[in-house]
A.B. asks: 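First the structure, then my questions, so here it is.
Counting begins at 1 with the first residue of the sequence. These values consider heavy atoms only, across backbone and side chains, with no hydrogens, waters or symmetry-generated copies. Everything numeric in this text was worked out from a predicted model, so none of it was measured. Counting starts at 1 for both ligands and their atoms, in listed order.
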Amino acid sequence: MKITGKQIIGYSNKSGAGSFKSVAIADNNSAPYVFEEGTAENVDAAAKKATEAFKTYKLIPTTTRVKFLEAIASEINSIREVLVATAQQETHLPQPRLNGEIDRTINQINLFVNLLKEGSWVNAIIDTANPQRQPLPKPHICQMLKPLGVTAVFGASNFPFAFSVAGGDTISALAAGCPVIYKAHFGHPVTSELVGNCIAEAAKKTGMPDGIFSLIQGKTTESGKALVTHKLVKAVGFTGSLAGGKALFDLVVKRDVPIPVYAEMGSVNPVFLLPGKLAEDAVSVAKTLAASNTMGVGQFCTNPGIILMVKSAATEEFLAQYKSSLSEAVGGKMLTDAIAGSYDKGIEQLRSLQSLKLLCAGVAGEGDTAVPHAFTISGKEFLKDKTLFEEYFGPVAIHVIADDTKQLTEIAETIPGQLTVSVWANQNDVTEFEDLFNILEEKAGRIMINNAPTGVEVTHAMIHGGPFPATTDSRTTSVGSQAIYRFTRPVCFQNYPQQLLPAELQNNNPLGIWRKVDGEMTKNATA
Ligand code: NAP
């Protein structure tokens, strides 16, 4: 499959300025691919095309939008083998994981397809008129969600499909009716171009307007900055590091016209081991958490980085098993050299802290690999050092041993925003620690009991978000069907003639969707 190394600007390929090389090697000449660096001019061209495309895309019937999304899934599936082989070279992730991620990406597209087909996501609300009302007649008022407009999307290196070019952010924005300009991650530019071409091809085949999708390549942050500050861009979806998300958020704040930034960032995903559960199941919990810590070389935003417990005999048993499991875990190659460098630096830093004791280290793999590590710290020392809540991206965990349950609760109060918090508890613990559950509800987007945090289901009820610093907007999710709401705004139509109203709001309910009419949910037509 031919790789151009250029920018995809709607239906054209455009040159950039400067270049960088891929990690992936081209089959024919055993050399890396060369990519042109996207420029501010490329971003401007994409934004102008996208703005034009929005004028027609927002009016396209849902059934046609559905066909576009389905075509994207089908294009991706049709080159699955090439995608897996390429992403494997670029990310060092194993084939089964990448194949599973393509399945997840396609399932994610199907989730939005079904959401659009069902139709009630637009939140149609109708308050019927009452011309006889005294002293003044009541007008007909209705509202529904409308797309925000051109959306900039950035994806992470650790999910080259599900949080990348055709990942949840792109698909939820397209489903909402927004054109997308995607800034490709420099860690997987070849995979990005291949998936970008799938979207462009799907757009052409289903008659979408030129500019509905563009893809900008770049190893430097310049094109990304130009993108979020472009005046035609109306929203930003970001998945990646706290440093990256916050930098882009800060740039957006300085714009003349504010726009929303939905940045989903890193997290340490605290895990609370309650005494009753630990006394019953210390060994199996330790095995499960050690596996969760080291899965995918620990490169998950839901990796359980901080594990908290109260000092006891069961705690000793837990730590002994955890140590034994982690000591046997073999390190793996990380996604990029930069991420591997940060991990090694982070471990060095943790090893140098007086307050931390090394519990164990895993086995170095072949070549340049990240070795799993675990540390312990007392609750008292942990409370003194806020920096320990920062994410060390990779296979590392800090075990916090509190003196008593009071100290455990005190620590819970200090937790900054998280994507997840998990609690391992038996029935007694659930009753005894009600206060703790109340505290934790304020800390994370998703709280779970007796489940490891890694593994995020793509469903309607999922929340993959949380208070800052997990995200820049705790009211939203980047995974699951609710992600669509980030790229919409409600528009109210007062005293509008039927012919001007969108189908979703017309009296006879031609789409047959659920609507709230005069305060009651119904599919009935209104008078
Ligand atoms: P990253 O380095 O922040 O990169 C993400 C994207 O943002 C890339 O496209 C990158 O561009 C761009 N970017 C970063 N800093 C920028 C800046 N200052 N200006 C303009 N663009 C900038 O993240 P990563 O290393 O790929 O991913 C690992 C991190 O993502 C971990 O912290 C992990 O926990 C987190 N993550 C979070 C989630 C979630 O759902 N919350 C999911 C997966 C991963 P370049 O490619 O040009 O560098």
A.B. asks: With a 4.0 Å heavy-atom cut-off (strictly under), which part of H464 contacts ligand 1: side chain, backbone, both or neither?
C.D. replies: side chain
A.B. asks: Which of the atoms of ligand 1 are close to G155, meaning less than 4.0 Å from one of its heavy atoms?
C.D. replies: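 In order of numbering, the contacting atoms are 5 (C), 6 (C), 8 (C), 9 (O).
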A.B. asks: Which label fits F382 and F389: parallel for a plane angle under 30°, tilted from 30 to 60°, or perpendicular past 60°?
C.D. replies: perpendicular
A.B. asks: Say whether S267 and ligand 1 are in contact under the criterion: heavy-atom distance to a ligand atom below 4.0 Å.
C.D. replies: no
A.B. asks: Would R65 count as a cation-pi partner of Y57, with NZ or CZ less than 6.0 Å from the six-membered ring centre and within 45° of the ring normal?
C.D. replies: yes
A.B. asks: Where on T336 is there a heavy atom closer than 4.0 Å to ligand 1, on the side chain, on the backbone, on both, or on neither?
C.D. replies: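 Contact part for T336 vs ligand 1: neither.
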A.B. asks: Which atoms of ligand 1 have any heavy atom of A156 under 4.0 Å away?
C.D. replies: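 Numbered from 1, ligand 1 contributes 26 (O), 27 (O), 43 (C), 44 (C).
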A.B. asks: At a non-hydrogen distance cut-off of under 4.0 Å, which region of L335 contacts ligand 1 (side chain, backbone, both, or neither)?
C.D. replies: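 Contact part for L335 vs ligand 1: neither.
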A.B. asks: Centroid separation under 6.0 Å, is that true for the rings of H399 and F318?
C.D. replies: yes
A.B. asks: Would you say F238 touches ligand 1, if touching means a heavy atom closer than 4.0 Å?
C.D. replies: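 Yes, F238 has a heavy atom closer than 4.0 Å to ligand 1.
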A.B. asks: Could you tell me whether R489 atom CZ has more than 12 heavy atoms of other residues or ligands within 6.0 Å of it?
C.D. replies: no
A.B. asks: Which ligand 1 atoms, with their elements, are less than 4.0 angstrom from a heavy-atom of A247?
C.D. replies: 18 (N)
A.B. asks: May I ask you to identify, for F300, whether its side chain, its backbone, both or neither come under 4.0 Å of ligand 1 on a heavy-atom basis?
C.D. replies: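 Neither; no heavy atom under 4.0 Å.
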A.B. asks: I want to know if ligand 1 touches G244 in the polar sense, i.e. an N/O pair below 3.5 angstrom.
C.D. replies: no
A.B. asks: Hey, is atom 10 (C) of ligand 1 touched by any protein heavy atom at less than 4.0 Å?
C.D. replies: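 Under 4.0 Å from atom 10 (C) of ligand 1, zero protein heavy atoms found.
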A.B. asks: Could you tell me whether E118 atom CD has more than 12 heavy atoms of other residues or ligands within 6.0 Å of it?
C.D. replies: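 Result for CD/E118: enclosed.
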A.B. asks: Non-hydrogen atoms of T220 versus ligand 1: any pair closer than 4.0 Å?
C.D. replies: yes
A.B. asks: Going by the atom numbers of ligand 1, which of them fall below 4.0 Å from some non-hydrogen atom of G240?
C.D. replies: 3 (O), 23 (O), 29 (C), 30 (O), 35 (C), 36 (N), 37 (C)
A.B. asks: Out of all atoms in ligand 1, which are within 4.0 Å of some heavy atom of E391? Include the element for each.
C.D. replies: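 Near E391, meaning under 4.0 Å from one of its heavy atoms, ligand 1 has 31 (C), 32 (O), 33 (C), 34 (O).
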A.B. asks: By number and element, which atoms of ligand 1 are closer than 4.0 Å to a non-hydrogen atom of G266?
C.D. replies: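 Answer for ligand 1: 32 (O), 34 (O).
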A.B. asks: Could you tell me which atoms of ligand 1, counted from 1 in the order shown, lie closer than 4.0 angstrom to a heavy atom of T239?
C.D. replies: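 What qualifies from ligand 1 is 5 (C), 37 (C), 38 (C), 39 (C), 40 (O), 42 (C), 43 (C).
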A.B. asks: Per the side-chain hydrogen bond (donor to acceptor under 3.5 Å, both in side chains) rule, which among H185, H188, E101 passes with S164?
C.D. replies: H188
A.B. asks: Against the six-membered ring of Y485, is R475 placed for a cation-pi contact (under 6.0 Å from the centre, within 45° of the normal)?
C.D. replies: no
